[in-house]
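Heads up: the structure comes next, in structure tokens.
Note that these values count all heavy atoms, side chains included, but never hydrogens, waters or copies made by symmetry. Letters go in sequence order (proteins before strands), and every chain restarts at 1.
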2 protein chains.
Amino acid sequence: MSDLDQGSEAETLSARFERGNLFAAPCPSRDVLSHVSSRWGVLVLIGLQTGTYRFSELRRKMGGVSEKMLAQTLQALVRDGFVHRVSHPVVPPFVEYSLTPMGKEVAVRVAGLADWIEENLLRVLEAREQADQSS
Amino acid sequence: MSDLDQGSEAETLSARFERGNLFAAPCPSRDVLSHVSSRWGVLVLIGLQTGTYRFSELRRKMGGVSEKMLAQTLQALVRDGFVHRVSHPVVPPFVEYSLTPMGKEVAVRVAGLADWIEENLLRVLEAREQADQSS
DNA sequence: CCGCATCCTAGAAGATACTG
DNA sequence: CAGTATCTTCTAGGATGCGG
């Protein structure tokens, strides 16, 4: 109940954005991108590439997420069809998260970007030093 | 003058993060990622893939950026060494932005992700509909 | 154990006005 | 034209408490 939940359903949208266009301000693709490339969205997608995890497992796996943000992030990704959620109705609760086929496709792209950054971190930090000196 | 500008220079950081690790909370790679995957960062990188642009050209090209946010985004990308800025000292001012070699490398990844989303928007929107119904 | 609801604050982001 | 400065608005995100 946050962003684009007006009555206009996908039908109407697809008429105007058969293929998404990120450069058009009102295109829902921006919304999807924001979920996927959000601070925690990236980490969840990458984290789930290795398999199925429980909520707290996932939480422990990634440094510094609050319960709330992880839950929120997961909800968005589940809603967009990237993450599969299985809730076992037992007590204590037991919920598992994994990537859907669609989720795996995006995860590959996200991981590609993330890996590049991790591998080239030093280059970037060096560039920063230079930039900072000439200021 | 924002996040990780303590006296500890890249030297110290590289000792602990020779290769970045996004799952470690204090790793600067998160910072870099946030610039690159930010709402406007993505659009700038993709927009500049086609060539060199002036500030207002770029601003017109992407829907809905404020002057301030574009300037801010560009500064971050310039500092990280992804974008090259050339300022011609004439009047009226004339400033051009383009991708550095390093910028081109990330841009490819970012574009890969963005393209996937644009191409598969409908699939995602459909998934959403289903998810929304069963609520 | 999972995760929702509430409250609250810091920083992101927009609008506007002004300068070299 | 290409920004900076300022002011306001909005949202991301953290802390806490509760319920299943």
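- When each of Leu99(A), Val32(A), Leu48(A), Val44(A) is checked for a side chain to side chain contact (heavy atoms under 4.5 Å, CB included) with Phe82(A), only Val32(A) meets the rule.
- For Trp40(B), there are no side chain to side chain donor-acceptor pair (under 3.5 Å) partners at least two apart in sequence or on another chain.
- Atoms CH2 (Trp40(A)) and C1' (dA12(D)) sit 12 Å apart, rounded to a whole Å.
- Rounding to whole angstrom units, CE of residue Met62(A) and P of dG14(D) are separated by 10 Å.
- Counting only residues at least two apart or in different chains, salt bridge (Lys or Arg N to Asp or Glu O under 4.0 Å) contacts with residues 80-94 of chain B comprise Arg128(A)-Asp80(B).
- Side-chain N or O atoms of Glu119(B) include none that pairs as donor or acceptor with a backbone N or O of Arg19(A) at under 3.5 Å.
- Taken residue by residue, residues 90-100 of chain B places heavy atoms nearer than 4.0 Å to DNA chain D at Pro92(B), Pro93(B), Val95(B), Tyr97(B).
- Residues from residues 48-59 of chain B with heavy atoms under 4.0 angstrom of DNA chain C: there are none.
- Listed by chain and number, the residues in a side chain to side chain donor-acceptor pair (under 3.5 Å) with Arg54(B) amount to none (sequence neighbours excluded).
- By the 4.5 Å side-chain criterion applied to Ile, Leu, Val, Met, Phe, Trp and Tyr, Phe94(B) is assigned to a cluster that also includes Val90(B).
- Residues in residues 88-97 of chain B take part in no side-chain hydrogen bond (donor to acceptor under 3.5 Å, both in side chains) pair, two or more places apart or across chains.
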Strictly under 3.5 Å: I want the nitrogen or oxygen pairs between protein and nucleotides 4-7 of chain D, one per line.
from: dT4(D); atom 1: OP2; to: Gln75(B); atom 2: NE2; distance (Å): 3.0
from: dT4(D); atom 1: O4; to: Glu67(B); atom 2: OE1; distance (Å): 3.4

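- Between the CE atom of Met69(B) and the C1' atom of dT8(D) there is a distance of 15 Å, given to the nearest Å.
- Legend: residues meeting salt bridge (charged side-chain N to carboxylate O under 4.0 Å, His left out) with Glu57(A), ordered by chain and number and at least two apart, are absent.
- With sequence neighbours excluded, the residues that form a side chain to side chain contact (heavy atoms under 4.5 Å, CB included) with Ser37(A) are Leu33(A), Ser37(B).
- The NE2-C1' distance, from His88(B) to dG20(C), rounds to 18 Å in whole Å.
- Gln72(B) has its CD atom 11 Å from the C1' atom of dG14(C), to the nearest Å.
- Taking the side chain to side chain donor-acceptor pair (under 3.5 Å) definition, one finds that Glu105(B) meets it with Trp116(A), Arg123(A), sequence neighbours left out.
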Which pairs would a plain distance check flag for residues 61-78 of chain B, meaning a side-chain donor or acceptor within less than 3.5 Å of a matching protein atom at least two apart in sequence or in another chain?
from: Lys61(B); atom 1: NZ; to: Tyr53(B); atom 2: OH; distance (Å): 3.3
from: Ser66(B); atom 1: OG; to: Met69(B); atom 2: N; distance (Å): 3.1
from: Thr73(B); atom 1: OG1; to: Met69(B); atom 2: O; distance (Å): 2.6

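- When the side-chain nitrogen and oxygen atoms of Arg60(B) are compared with OP1 and OP2 of dA2(D), none of them lie within a distance under 4.0 Å.
- Here dT11(D) presents its C1' atom at 11 Å from CZ of Arg39(B), a figure rounded to the nearest Å.
- Look at CG on Leu74(B): it is 16 Å from P on dC1(D), rounded to the nearest Å.
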